Structure formats: C-alpha cells, structure tokens
2 protein chains.
Amino acid sequence: MLDRIGGKWTSMLVKLLASAPDEVRFSELKRGATGISQKMLAQTLRSLERDGLVTRRVEPTVPPRVHYALTSLGRSLETALVVVRTWAEAHMAAIDDARRAFDRR
Amino acid sequence: MLDRIGGKWTSMLVKLLASAPDEVRFSELKRGATGISQKMLAQTLRSLERDGLVTRRVEPTVPPRVHYALTSLGRSLETALVVVRTWAEAHMAAIDDARRAFDRR
DNA sequence: CGGCATCCCCCACGATACTG
DNA sequence: CAGTATCGTGGGGGATGCCG
C-alpha cells in the first residue's frame, strides 16, 4: 500500500481530486499537477481507478471529455494522507536542518 | 517527504524501532525486517539518521555493536504512519476486490 | 558484527510522436 | 481532448564479496 501512495504523482492527484467540489477533467488535472506528463497522468489515474479509489466518466462527444472523481474509498485515503502531509509540513524544516548538520561532517 | 516514507523499508524499520522499548541492534533489525538485505538496512538507517529521525550509537568493542533508536521526531513520524497503516489494513481487501473486478474486463 | 564496494537488473518515469 | 505507442534513462534495490 505504501508503494501505491509512494508513486510520484499519486498523492498530488488525490489531493487535487479531494479539493475539487465536483468531478475534474483530465486537462484540469494536468494543469493542476504541474510538471506531470500526459503519460504519467493517464497511467496514475488508471491505477487509481483500478484500485477503486477513483471513478472515470467519459462523455461520448467529439472531442471526448473525461471526468474523474474520488470514490468514498478514495476520500478515506485522503483523510489518511492529510495526516502525513501535515506532519511533513510541520517538520520539513527540522529535517532540512538535521540533513545539513549531518552533511557538514 | 512521501519519497522518504515511500522507500521500501522505511516504514517497516520505523515501526520496528517504535515498538521496541529501548535501542535496537543492527542484527535485531535485520531479523525483524524479513527479506531486507544488509545493504538496504544500512542504507535506510543512514538515511533516517541523516534526517534526524533515528539516532545511532556505536559501542567501540570488537566486534562492534551498533544501536539504533527513534528520536522524538522519529516517534512523531510513527504516529502519522500508524494512520496510514491502519487505513491500509482496513481497506486492503476492498482494494483487492476492486482490482480483480477491474482486471476481469 | 556491521558495514562499504562492486556489479547488475528492472522499472518508474520522462520526452516525443501518433491517433480516434 | 484524452489518450496509446515507443524509446531511452536514472536510480532504487538485490547479490556477492571484502574488511576493520
């Protein structure tokens, strides 16, 4: 499970989806997750969908519109991720300090 | 930060150190973390020490004994990790189901 | 005992190009 | 627009061997 969360973009995408009121389009996610490639976006979303964390809805128009949203399972994951994110933000500075002190030797 | 946690053995080692009453020796950790190689154990511990999450104490005997323990920062990380672990255990089955259903198509 | 050093492999990820 | 296909790369991780 930590492997799943550990993916480079997973946490960011879950956060984006969680903070949106409704569904989010592929292109919106691409804009929101700065630096992500189309490939990794599609791949990560697919993996999240596979795990039942995200739903995918296609509007059969031309060109198509694809909408993503968290499932209830996905939202429950977000609540766990919030804890980790909060911890990280709170202690990031301390870790940086420790790292510099360690490297000075 | 998620990269740090995402390391294959980090979470397991933090858990081992957290559940021990006192310091833990290198070889004890090696036994506790089934499947870890000496290289990854040393490397992960070094990285944790660098980040100020773990202390390292060497008894200058022959052969040497090296003891590891969580710092207070490390213990605070463990409380965050517990949340994720709990989530994972609670929903592992649901995810497996979703995965199988998805793959069946 | 507790590590480094070395070699090797795999795959997550990136860049680019193509398509319904 | 929202993907697939293809190719190339870095580095995380395993196996083995040596050493104070």
Side-chain angles (χ1 to χ4, degrees), chain A residues 1-17 20 22-51 53-70 99 102-103 105, chain B residues 1-17 20 22-51 53-70 99 102-103 105:
Chain A
M1 260 312 102
L2 288 174
D3 295 359
R4 152 132 289 329
I5 296 164
K8 183 168 179 183
W9 300 103
T10 307
S11 163
M12 176 172 295
L13 289 181
V14 171
K15 181 180 179 178
L16 281 175
L17 289 165
D22 274 28
E23 297 176 317
V24 186
R25 291 189 55 185
F26 188 88
S27 46
E28 294 182 70
L29 288 171
K30 185 155 170 48
R31 272 191 299 278
T34 319
I36 198 173
S37 64
Q38 281 198 351
K39 175 188 160 187
M40 285 317 296
L41 179 54
Q43 189 171 302
T44 306
L45 285 170
R46 208 148 227 304
S47 168
L48 288 171
E49 187 196 0
R50 187 168 105 99
D51 287 349
L53 300 168
V54 153
T55 59
R56 177 176 185 265
R57 186 174 67 82
V58 183
E59 276 188 67
T61 58
V62 178
R65 293 156 164 244
V66 185
H67 304 263
Y68 293 91
L70 287 183
R99 220 174 265 198
F102 185 91
D103 290 345
R105 282 175 285 169
Chain B
M1 260 311 101
L2 288 174
D3 294 0
R4 150 132 290 327
I5 296 165
K8 182 167 179 182
W9 300 103
T10 307
S11 162
M12 176 172 296
L13 289 181
V14 171
K15 180 180 179 176
L16 282 175
L17 289 166
D22 273 26
E23 297 176 317
V24 187
R25 290 190 55 184
F26 187 88
S27 46
E28 294 183 69
L29 289 171
K30 184 155 171 49
R31 271 191 299 278
T34 320
I36 197 172
S37 63
Q38 283 197 349
K39 173 190 160 186
M40 286 317 297
L41 179 54
Q43 188 172 301
T44 305
L45 286 170
R46 208 148 224 305
S47 168
L48 288 171
E49 187 197 0
R50 186 169 105 100
D51 288 349
L53 299 168
V54 154
T55 58
R56 182 183 129 105
R57 187 173 66 83
V58 183
E59 277 187 67
T61 57
V62 178
R65 293 157 164 242
V66 184
H67 304 264
Y68 294 91
L70 288 183
R99 220 174 265 198
F102 185 91
D103 291 344
R105 283 173 284 168

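A quick note: this is a predicted structure, and the numbers were derived from the prediction, not measured. Residue numbers begin at 1 in each chain, while the letters A, B, ... track the order of the sequences.
Look at CG on Leu2(A): it is 12 Å from P on dG13(D), rounded to the nearest Å. Straight-line distance from the CZ atom of Arg25(A) to the C1' atom of dA2(D): 9 Å, rounded to whole Å. Atoms CD (Glu59(B)) and P (dC1(C)) sit 14 Å apart, rounded to a whole Å. In this structure, Lys8(B) atom NZ and dA12(C) atom P are separated by 12 Å, rounded to whole Å. When rounded to the nearest whole Å, the span between CG of Leu41(A) and P of dA15(C) equals 14 Å. Distance His67(A) NE2 to dA2(D) P: 8 Å, rounded to the nearest Å. Regarding Lys30(A), its NZ atom lies at a distance of 11 Å from the P atom of dC1(D), rounded to whole Å. Look at CE on Met40(A): it is 15 Å from C1' on dA5(D), rounded to the nearest Å.
Comparing dG14(C), dG3(D), dC1(D) against the side chain of Ser37(A) picks out dG14(C) as the nearest. The side chain of Phe26(B) lies closest to dG3(C) when the candidates are dA2(D), dG14(D), dG3(C). Of the candidate nucleotides dG3(D), dC1(D), dC1(C), dC1(C) has the atom nearest to the side chain of Pro64(B). Comparing dG3(D), dG2(C), dG3(C) by their closest approach to the side chain of Ser27(B) singles out dG2(C).
Note that the OG1 atom of Thr44(B) and the CH2 atom of Trp9(B) stand 9.0 Å from one another [nearest 0.5 Å].
Between Val54(A) and Leu17(A) there is a side-chain heavy-atom pair separated by less than 4.5 Å.
Comparing Pro63(B) and Gln43(B), the nucleotide of DNA chain D nearest to each residue sits closer to the 5' end for Gln43(B). Between Arg46(B) and Thr44(A), it is Arg46(B) whose nearest contact on DNA chain C lies nearer the 5' terminus.
Shortest non-hydrogen contact noted between Val58(B) and Arg56(B) is CG2-NH2, 3.7 Å.
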### Audit row: Leu45(B), Leu29(B), side chain to side chain contact (heavy atoms under 4.5 Å, CB included) steps and yes/no
CA-CA 10 Å; Leu45(B) 286 170; Leu29(B) 289 171; 3.9 Å; yes
### Message
Quick one, Leu70(A) with Leu48(A), criterion side chain to side chain contact (heavy atoms under 4.5 Å, CB included). Give me CA distance, side-chain angles, the key distance, then yes/no.
### Response
CA-CA 9 Å; Leu70(A) 287 183; Leu48(A) 288 171; over 6 Å; no
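Nucleic acid contact class of Lys39(A) (heavy atoms, under 4.0 Å, all strands): base.
Applying the 4.0 Å criterion to OP1 and OP2 of dA2(D), one finds that Arg56(A) has every side-chain N and O outside that range.
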